[in-house]
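Working notes for the structure below.
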Protein chains: 2
Amino acid sequence: MESLTVGQAAARTGWSPRMLRYLERAGLVIPARSASGYRQYGLLELNQLRSLGELRRRFGVGIDELAFTVRLQQEPALQAAVETWLAGTQLSALDWEQRKHERLLAA
Amino acid sequence: MESLTVGQAAARTGWSPRMLRYLERAGLVIPARSASGYRQYGLLELNQLRSLGELRRRFGVGIDELAFTVRLQQEPALQAAVETWLAGTQLSALDWEQRKHERLLAA
DNA sequence: GCAACCTTGACACTGCTCTGTTAGGTTTCG
DNA sequence: CGAAACCTAACAGAGCAGTGTCAAGGTTGC
(Lines give C-alpha, C1' and ligand atoms only; values in the text may rest on other atoms or scores of the structure.)
Protein backbone atom coordinates (compact mmCIF):
# COMPACT_ATOMS: atom_id res chain seq x y z
CA MET A 1 0.00 0.00 0.00
CA GLU A 2 2.21 2.75 1.32
CA SER A 3 0.25 5.44 -0.49
CA LEU A 4 -3.39 6.22 -1.22
CA THR A 5 -5.18 6.65 -4.52
CA VAL A 6 -7.16 9.77 -5.21
CA GLY A 7 -10.43 8.22 -4.06
CA GLN A 8 -8.94 6.92 -0.83
CA ALA A 9 -7.27 10.22 -0.07
CA ALA A 10 -10.55 11.98 -0.77
CA ALA A 11 -12.41 9.74 1.66
CA ARG A 12 -9.86 10.45 4.41
CA THR A 13 -9.64 14.20 3.98
CA GLY A 14 -13.18 15.24 3.15
CA TRP A 15 -12.29 16.60 -0.28
CA SER A 16 -13.83 15.18 -3.45
CA PRO A 17 -11.59 13.37 -5.96
CA ARG A 18 -12.42 16.18 -8.38
CA MET A 19 -11.06 18.75 -5.97
CA LEU A 20 -7.89 16.80 -5.33
CA ARG A 21 -7.17 16.87 -9.05
CA TYR A 22 -7.99 20.55 -9.10
CA LEU A 23 -5.67 21.27 -6.18
CA GLU A 24 -2.90 19.45 -7.95
CA ARG A 25 -3.38 21.53 -11.07
CA ALA A 26 -3.47 24.66 -8.93
CA GLY A 27 -0.07 23.73 -7.53
CA LEU A 28 -1.24 23.43 -3.93
CA VAL A 29 -0.99 19.70 -3.22
CA ILE A 30 0.99 17.64 -5.72
CA PRO A 31 1.13 13.88 -5.19
CA ALA A 32 3.67 11.51 -6.74
CA ARG A 33 2.57 9.28 -9.60
CA SER A 34 2.76 5.53 -10.02
CA ALA A 35 4.28 3.98 -13.13
CA SER A 36 0.83 3.81 -14.70
CA GLY A 37 -0.07 7.38 -13.83
CA TYR A 38 -2.15 6.96 -10.68
CA ARG A 39 -1.79 9.68 -8.07
CA GLN A 40 -0.10 8.55 -4.86
CA TYR A 41 -0.98 10.46 -1.73
CA GLY A 42 1.36 9.97 1.22
CA LEU A 43 1.36 11.36 4.74
CA LEU A 44 2.79 14.69 3.65
CA GLU A 45 0.02 15.24 1.12
CA LEU A 46 -2.68 14.14 3.57
CA ASN A 47 -1.43 16.67 6.09
CA GLN A 48 -1.33 19.39 3.47
CA LEU A 49 -4.89 18.60 2.47
CA ARG A 50 -6.10 18.74 6.05
CA SER A 51 -4.41 22.02 6.89
CA LEU A 52 -5.52 23.51 3.59
CA GLY A 53 -9.09 22.49 4.36
CA GLU A 54 -8.89 24.07 7.77
CA LEU A 55 -7.50 27.29 6.33
CA ARG A 56 -10.41 27.47 3.93
CA ARG A 57 -13.21 26.38 6.22
CA ARG A 58 -12.19 28.19 9.38
CA PHE A 59 -10.71 31.31 7.88
CA GLY A 60 -12.29 31.58 4.43
CA VAL A 61 -8.87 31.79 2.81
CA GLY A 62 -8.67 31.34 -0.96
CA ILE A 63 -5.93 29.97 -3.15
CA ASP A 64 -4.57 33.29 -4.36
CA GLU A 65 -4.48 34.71 -0.87
CA LEU A 66 -2.34 31.83 0.28
CA ALA A 67 -0.09 32.07 -2.73
CA PHE A 68 0.15 35.83 -2.32
CA THR A 69 1.68 35.31 1.11
CA VAL A 70 4.46 33.27 -0.44
CA ARG A 71 4.95 35.87 -3.13
CA LEU A 72 5.18 38.65 -0.55
CA GLN A 73 8.04 36.88 1.17
CA GLN A 74 9.94 36.43 -2.06
CA GLU A 75 9.46 39.77 -3.83
CA PRO A 76 10.95 42.61 -1.79
CA ALA A 77 9.73 45.27 -4.21
CA LEU A 78 6.17 44.03 -3.86
CA GLN A 79 6.46 43.83 -0.10
CA ALA A 80 7.69 47.42 0.07
CA ALA A 81 4.86 48.66 -2.15
CA VAL A 82 2.26 46.89 -0.06
CA GLU A 83 3.65 48.30 3.16
CA THR A 84 3.64 51.79 1.73
CA TRP A 85 0.04 51.41 0.78
CA LEU A 86 -0.91 49.92 4.14
CA ALA A 87 0.31 53.01 5.95
CA GLY A 88 -2.68 55.00 4.78
CA THR A 89 -5.47 52.48 4.98
CA GLN A 90 -5.41 49.84 7.69
CA LEU A 91 -8.82 49.36 9.28
CA SER A 92 -11.00 49.69 6.24
CA ALA A 93 -9.30 46.83 4.41
CA LEU A 94 -9.82 44.61 7.39
CA ASP A 95 -13.54 45.29 7.21
CA TRP A 96 -13.58 44.08 3.64
CA GLU A 97 -12.01 40.74 4.42
CA GLN A 98 -14.25 40.24 7.39
CA ARG A 99 -17.34 40.82 5.30
CA LYS A 100 -16.07 38.32 2.75
CA HIS A 101 -15.50 35.83 5.51
CA GLU A 102 -19.05 36.30 6.70
CA ARG A 103 -20.37 35.66 3.23
CA LEU A 104 -18.44 32.41 3.01
CA LEU A 105 -19.68 31.25 6.38
CA ALA A 106 -23.27 32.02 5.47
CA ALA A 107 -23.15 29.87 2.34
CA MET B 1 -11.56 74.10 -3.08
CA GLU B 2 -9.48 72.12 -0.60
CA SER B 3 -10.84 68.79 -1.82
CA LEU B 4 -11.78 67.20 -5.14
CA THR B 5 -15.03 65.73 -6.34
CA VAL B 6 -15.16 62.22 -7.66
CA GLY B 7 -14.76 63.34 -11.27
CA GLN B 8 -11.79 65.55 -10.48
CA ALA B 9 -10.10 62.87 -8.44
CA ALA B 10 -10.70 60.40 -11.25
CA ALA B 11 -9.08 62.73 -13.78
CA ARG B 12 -5.99 63.13 -11.60
CA THR B 13 -5.47 59.48 -10.72
CA GLY B 14 -6.42 57.62 -13.88
CA TRP B 15 -9.32 55.77 -12.31
CA SER B 16 -12.86 56.17 -13.57
CA PRO B 17 -15.48 57.77 -11.32
CA ARG B 18 -17.24 54.42 -11.36
CA MET B 19 -14.17 52.70 -9.94
CA LEU B 20 -13.69 55.31 -7.24
CA ARG B 21 -17.19 54.56 -6.00
CA TYR B 22 -16.44 50.87 -6.23
CA LEU B 23 -13.21 51.24 -4.26
CA GLU B 24 -15.06 53.15 -1.58
CA ARG B 25 -17.64 50.38 -1.28
CA ALA B 26 -14.82 47.83 -1.16
CA GLY B 27 -13.36 49.69 1.79
CA LEU B 28 -10.05 50.51 0.11
CA VAL B 29 -10.24 54.29 -0.37
CA ILE B 30 -12.91 56.09 1.60
CA PRO B 31 -13.28 59.85 1.06
CA ALA B 32 -15.06 62.25 3.40
CA ARG B 33 -18.47 63.60 2.44
CA SER B 34 -19.73 67.15 2.07
CA ALA B 35 -22.91 68.30 3.78
CA SER B 36 -24.87 67.48 0.63
CA GLY B 37 -23.31 64.05 0.19
CA TYR B 38 -20.58 64.72 -2.38
CA ARG B 39 -17.39 62.70 -2.00
CA GLN B 40 -14.38 64.79 -1.01
CA TYR B 41 -10.98 63.47 -2.05
CA GLY B 42 -8.01 65.01 -0.26
CA LEU B 43 -4.27 64.45 -0.55
CA LEU B 44 -4.39 61.30 1.52
CA GLU B 45 -6.98 59.69 -0.72
CA LEU B 46 -5.17 60.75 -3.89
CA ASN B 47 -1.99 59.11 -2.64
CA GLN B 48 -3.87 55.96 -1.70
CA LEU B 49 -5.40 55.83 -5.16
CA ARG B 50 -2.05 56.23 -6.85
CA SER B 51 -0.28 53.57 -4.79
CA LEU B 52 -3.23 51.25 -5.16
CA GLY B 53 -3.09 51.67 -8.91
CA GLU B 54 0.59 50.89 -8.96
CA LEU B 55 0.08 47.78 -6.87
CA ARG B 56 -2.51 46.53 -9.31
CA ARG B 57 -0.82 47.49 -12.56
CA ARG B 58 2.75 46.55 -11.72
CA PHE B 59 2.14 43.55 -9.52
CA GLY B 60 -1.30 42.29 -10.49
CA VAL B 61 -2.48 42.45 -6.91
CA GLY B 62 -6.22 42.19 -6.24
CA ILE B 63 -8.40 43.59 -3.52
CA ASP B 64 -8.66 40.44 -1.44
CA GLU B 65 -4.94 39.82 -1.57
CA LEU B 66 -4.28 43.27 -0.18
CA ALA B 67 -6.91 42.90 2.48
CA PHE B 68 -5.60 39.47 3.37
CA THR B 69 -2.24 40.98 4.21
CA VAL B 70 -3.87 43.25 6.74
CA ARG B 71 -5.84 40.37 8.14
CA LEU B 72 -2.71 38.27 8.53
CA GLN B 73 -1.13 40.94 10.67
CA GLN B 74 -4.14 41.15 12.91
CA GLU B 75 -5.16 37.51 13.37
CA PRO B 76 -2.40 35.52 15.04
CA ALA B 77 -4.33 32.25 14.76
CA LEU B 78 -4.65 32.73 11.03
CA GLN B 79 -1.01 33.65 10.70
CA ALA B 80 0.03 30.50 12.55
CA ALA B 81 -2.18 28.28 10.39
CA VAL B 82 -0.79 29.79 7.22
CA GLU B 83 2.78 29.30 8.34
CA THR B 84 2.09 25.69 9.25
CA TRP B 85 0.69 25.09 5.83
CA LEU B 86 3.55 26.90 4.13
CA ALA B 87 6.08 24.55 5.67
CA GLY B 88 5.02 21.71 3.35
CA THR B 89 4.39 23.54 0.13
CA GLN B 90 6.50 26.56 -0.75
CA LEU B 91 7.55 26.65 -4.38
CA SER B 92 4.43 25.27 -5.98
CA ALA B 93 2.24 28.04 -4.58
CA LEU B 94 4.62 30.62 -5.94
CA ASP B 95 4.26 29.11 -9.39
CA TRP B 96 0.53 29.58 -9.15
CA GLU B 97 0.76 33.28 -8.39
CA GLN B 98 3.31 33.80 -11.12
CA ARG B 99 1.08 32.16 -13.68
CA LYS B 100 -1.79 34.36 -12.58
CA HIS B 101 0.41 37.41 -12.90
CA GLU B 102 1.37 36.40 -16.41
CA ARG B 103 -2.27 36.03 -17.38
CA LEU B 104 -2.99 39.52 -16.12
CA LEU B 105 -0.07 41.03 -17.98
CA ALA B 106 -1.09 39.31 -21.20
CA ALA B 107 -4.60 40.77 -21.09
C1' DG C 1 -32.00 79.20 -14.14
C1' DC C 2 -29.69 76.07 -16.55
C1' DA C 3 -25.75 73.21 -17.79
C1' DA C 4 -22.65 70.29 -15.75
C1' DC C 5 -21.64 67.49 -12.22
C1' DC C 6 -23.00 64.78 -8.27
C1' DT C 7 -25.94 60.83 -5.76
C1' DT C 8 -27.81 55.95 -5.49
C1' DG C 9 -29.50 51.90 -7.68
C1' DA C 10 -29.84 48.67 -11.22
C1' DC C 11 -28.77 45.88 -15.35
C1' DA C 12 -25.13 43.74 -17.89
C1' DC C 13 -21.04 41.59 -19.41
C1' DT C 14 -16.26 39.44 -19.11
C1' DG C 15 -13.38 36.45 -16.85
C1' DC C 16 -11.94 33.63 -13.15
C1' DT C 17 -12.65 30.27 -9.08
C1' DC C 18 -14.62 26.35 -7.55
C1' DT C 19 -17.20 22.28 -8.13
C1' DG C 20 -19.89 18.64 -10.33
C1' DT C 21 -20.79 15.62 -14.14
C1' DT C 22 -20.15 13.04 -18.21
C1' DA C 23 -17.53 10.59 -21.77
C1' DG C 24 -13.99 7.57 -23.59
C1' DG C 25 -10.24 5.00 -22.39
C1' DT C 26 -6.70 2.41 -19.05
C1' DT C 27 -5.34 -0.09 -14.69
C1' DT C 28 -6.05 -2.88 -10.63
C1' DC C 29 -7.83 -6.51 -8.02
C1' DG C 30 -10.59 -10.38 -6.61
C1' DC D 1 -12.39 -11.86 -17.11
C1' DG D 2 -15.16 -8.23 -15.24
C1' DA D 3 -16.28 -4.69 -11.89
C1' DA D 4 -14.53 -0.85 -9.73
C1' DA D 5 -11.52 2.73 -9.58
C1' DC D 6 -8.27 5.39 -12.06
C1' DC D 7 -6.79 8.76 -16.06
C1' DT D 8 -7.61 13.11 -19.11
C1' DA D 9 -10.52 16.34 -21.31
C1' DA D 10 -14.50 18.82 -21.80
C1' DC D 11 -18.87 21.01 -20.75
C1' DA D 12 -21.59 23.32 -17.22
C1' DG D 13 -23.06 26.41 -13.79
C1' DA D 14 -22.99 29.24 -9.49
C1' DG D 15 -20.78 33.18 -7.53
C1' DC D 16 -17.81 37.06 -7.27
C1' DA D 17 -14.52 40.83 -9.17
C1' DG D 18 -14.20 44.51 -12.00
C1' DT D 19 -16.06 47.73 -15.11
C1' DG D 20 -19.39 50.26 -18.10
C1' DT D 21 -23.69 52.42 -18.78
C1' DC D 22 -28.21 54.18 -17.99
C1' DA D 23 -32.08 56.24 -15.20
C1' DA D 24 -34.22 59.43 -11.92
C1' DG D 25 -33.28 62.85 -9.05
C1' DG D 26 -30.37 66.47 -6.11
C1' DT D 27 -26.39 70.25 -6.04
C1' DT D 28 -23.19 73.68 -7.74
C1' DG D 29 -21.50 77.47 -10.15
C1' DC D 30 -21.61 80.88 -13.77
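All chains are named by letter (A, B, ...) in the order of the sequence lines, taking the proteins before the strands, and each is independently numbered beginning at 1.
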If you check the [X] side chain, which of [options] turns out closest?
| X | options | result |
| --- | --- | --- |
| B/Tyr38 | D/dT27, C/dT8, D/dC7 | D/dT27 |
| B/Arg25 | C/dT7, D/dC7, C/dG9 | C/dG9 |
| A/Thr5 | C/dT7, C/dG20, D/dA5 | D/dA5 |

Check this one for me: any side-chain N or O of [X] less than 4.0 Å away from OP1 or OP2 of [N]?
| X | N | answer |
| --- | --- | --- |
| B/Ser36 | C/dC6 | no |
| B/Arg18 | D/dT21 | no |
| B/Tyr22 | D/dG18 | yes |
| A/Arg56 | C/dT19 | yes |
| A/Arg33 | D/dT8 | yes |
| B/Arg39 | C/dC6 | no |

Nearest-angstrom distance from the residue atom [atom1] of [X] to [atom2] of [N]:
| X | N | atom1 | atom2 | value |
| --- | --- | --- | --- | --- |
| A/Tyr41 | D/dA5 | OH | C1' | 14 Å |
| A/Gln8 | C/dT27 | CD | C1' | 14 Å |
| B/Phe68 | D/dA17 | CZ | P | 16 Å |
| A/Leu28 | C/dT17 | CG | C1' | 12 Å |
| A/Leu23 | C/dG20 | CG | P | 11 Å |
| B/Met19 | D/dG20 | CE | C1' | 11 Å |
| A/Arg21 | C/dT22 | CZ | P | 15 Å |
| A/Leu52 | C/dT17 | CG | C1' | 14 Å |

>> What contact category does B/Ser16 fall into here, base, sugar-phosphate, or nothing, at under 4.0 angstrom with non-hydrogen atoms?
In response: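 Touches sugar-phosphate only.
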Does some side-chain heavy atom of [Y] sit less than 4.5 Å from a side-chain heavy atom of [X]?
| X | Y | answer |
| --- | --- | --- |
| A/Tyr41 | A/Leu20 | yes |
| B/Arg33 | B/Arg39 | yes |
| A/Arg56 | A/Leu52 | yes |

> CG of A/Leu49 to CD of A/Glu45: how many Å apart, nearest 0.5 Å?
Replying inline: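 It comes to 8.0 Å.
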> Do the side chain of B/Arg25 and the main chain of B/Arg21 share a donor and acceptor less than 3.5 angstrom apart?
Replying inline: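 A pair under 3.5 Å: no.
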